[in-house]
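In what follows, a single structure is set out as structure tokens and then discussed.
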Amino acid sequence: MKDQENAGTTAQSEKIENFIKQNAAKKKLKRLIFIPIALVLAIVFFIICFVFFFKVKTVSVEGVEKYSADLLVIKSGIVIGENLYSYSEAEIEETLMLSYPYISNVNLKRRWPDKIILDITEDTATYVSEVYGETLILSESLRILENPEINIESVELCRLILPDIDRALVGNRPVFTENADYIIDALKTIGQSKLESSITNIDFRNKYGVSFLMGNMYKVKCGSTDELDIKLMMTEKILESSQIPDGTKAELDVSDPSECTAILGDSANISL
């Protein structure tokens, strides 16, 4: 009798275990079916939102001064009623920079549910140069911003005398015949000097014979651009000292910072 009772109890336990396992398997199967269905529904929902809800109603322009905001919106190709995510920032930037060279960066901002903002950064005219008889207005990084039909003497910007150039296109940097990285490096160093606002002309034609003018009073011969920061500092100290009388022209040679020399008065050659 006891053996029969034990056998019955075992059989009943097995039935309960099988029932639990079957329920667990059914729940797992439901989860496996539900997850992909939920993903599909979520994807469909987002597609519907993008297609029917996130449509451009407003386009605004920020940070622009040189150009008309309305013209920039038209040129960008953004169309009212199109999807908010139909546009590429890189493509819009390339298009606008090609047509409007003063633009140096375009940041495309999207404001849900229906607004696009074009955040524009413009370059500043910093230098002027004459290339093959043409006047070029240049940015701090030497991008050509415009090619106005005016005499270079009428432009009140620091004048750069540059080495040979193979190509000069508005919106791009000049392509020099030989490597001219020293020019960018030198301009950065000059930009950090107290002398920057006083420098009116810089001659970069000879990599080892760079010189600059400060109005019609001082010419500074730097030699190469090596240790240019030290050479500029020595120039500052000389001009701040009482060694050069007020109103006296001077030609300074700081190419060797340890042994600077100066020619004063009418003997000084104040030209490039």
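Hydrogens, waters and symmetry mates play no part in the numbers below; they use all other heavy atoms, side chains included.
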* **Of Glu122, Glu146, Arg143, the residue whose pairing with Tyr102 passes side-chain hydrogen bond (donor to acceptor under 3.5 Å, both in side chains)** =>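 The passing option is Glu146.
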Main-chain N/O of [Y] paired to [X] side chain as donor or acceptor, under 3.5 Å:
X      : Y      : value
Thr189 : Asp185 : yes
Arg167 : Pro174 : no
Ser271 : Asn269 : no
Ser99  : Leu96  : no
Thr248 : Ile244 : no
Ser193 : Leu195 : yes
Glu89  : Leu108 : yes
Thr135 : Ile150 : yes
Thr225 : Tyr182 : no

For [X] and [Y], does a side-chain donor sit closer than 3.5 Å to a side-chain acceptor?
X      : Y      : value
Thr177 : Asp166 : yes
Asp70  : Ser68  : no
Ser139 : Ser141 : yes

Check: [Y] and [X] side chains under 4.5 Å, non-hydrogen atoms:
X      : Y      : answer
Arg111 : Ile116 : no
Ile120 : Val61  : yes
Thr121 : Ile103 : no
Asp253 : Ile263 : no
Val106 : Leu118 : yes
Ile202 : Ile199 : yes

Q: For Asn216, look at atom CG and say whether over 12 heavy atoms of other residues, nucleotides or ligands are found less than 6.0 Å away.
A: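 Counting neighbours around CG of Asn216, 12 or fewer heavy atoms of other residues, nucleotides or ligands fall under 6.0 Å, so no.
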Side-chain ion pair, Lys55 and Asp114, N-O less than 4.0 Å: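 The answer is no: the pair does not qualify as a salt bridge.
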- Query: Does Glu140 come within less than 4.0 Å of Lys188, counting only side-chain N to carboxylate O?
  - Reply: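 Answer for the salt bridge query: no.
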What's in the same ILVMFWY side-chain cluster as Ile270, cut-off under 4.5 Å, chained through other members?
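Members other than Ile270 - counting any ILVMFWY side chain reachable under 4.5 Å - are Ile161, Leu213, Leu272.
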| query | Can you list every pair that meets salt bridge (charged side-chain N to carboxylate O under 4.0 Å, His left out) and has a residue in residues 213-231, with sequence neighbours left out? | reply |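 Sorted result for residues 213-231: Lys221-Glu251.
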Between Lys207 and Glu178, is the salt bridge (Lys or Arg N to Asp or Glu O under 4.0 Å) condition met? List the steps. CA-CA 10 Å; Lys207 181 177 181 179; Glu178 297 182 0; over 6 Å; no
**Between CG on residue Leu136 and CD on residue Glu134, distance to nearest 0.5 Å** =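 Atom-to-atom, Leu136:CG and Glu134:CD are 7.0 Å apart.
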Worksheet entry | CG on Asp203 to SG on Cys222, rounded to 0.5 Å |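 Rounded to the nearest 0.5 Å, the SG-CG separation comes out at 10.5 Å.
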**OP:** Kindly assign one of parallel, tilted or perpendicular to the pair Phe54 and Tyr85, based on the angle between their ring planes and the thresholds 30° and 60°.
**Re:**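 Correct class here is perpendicular.
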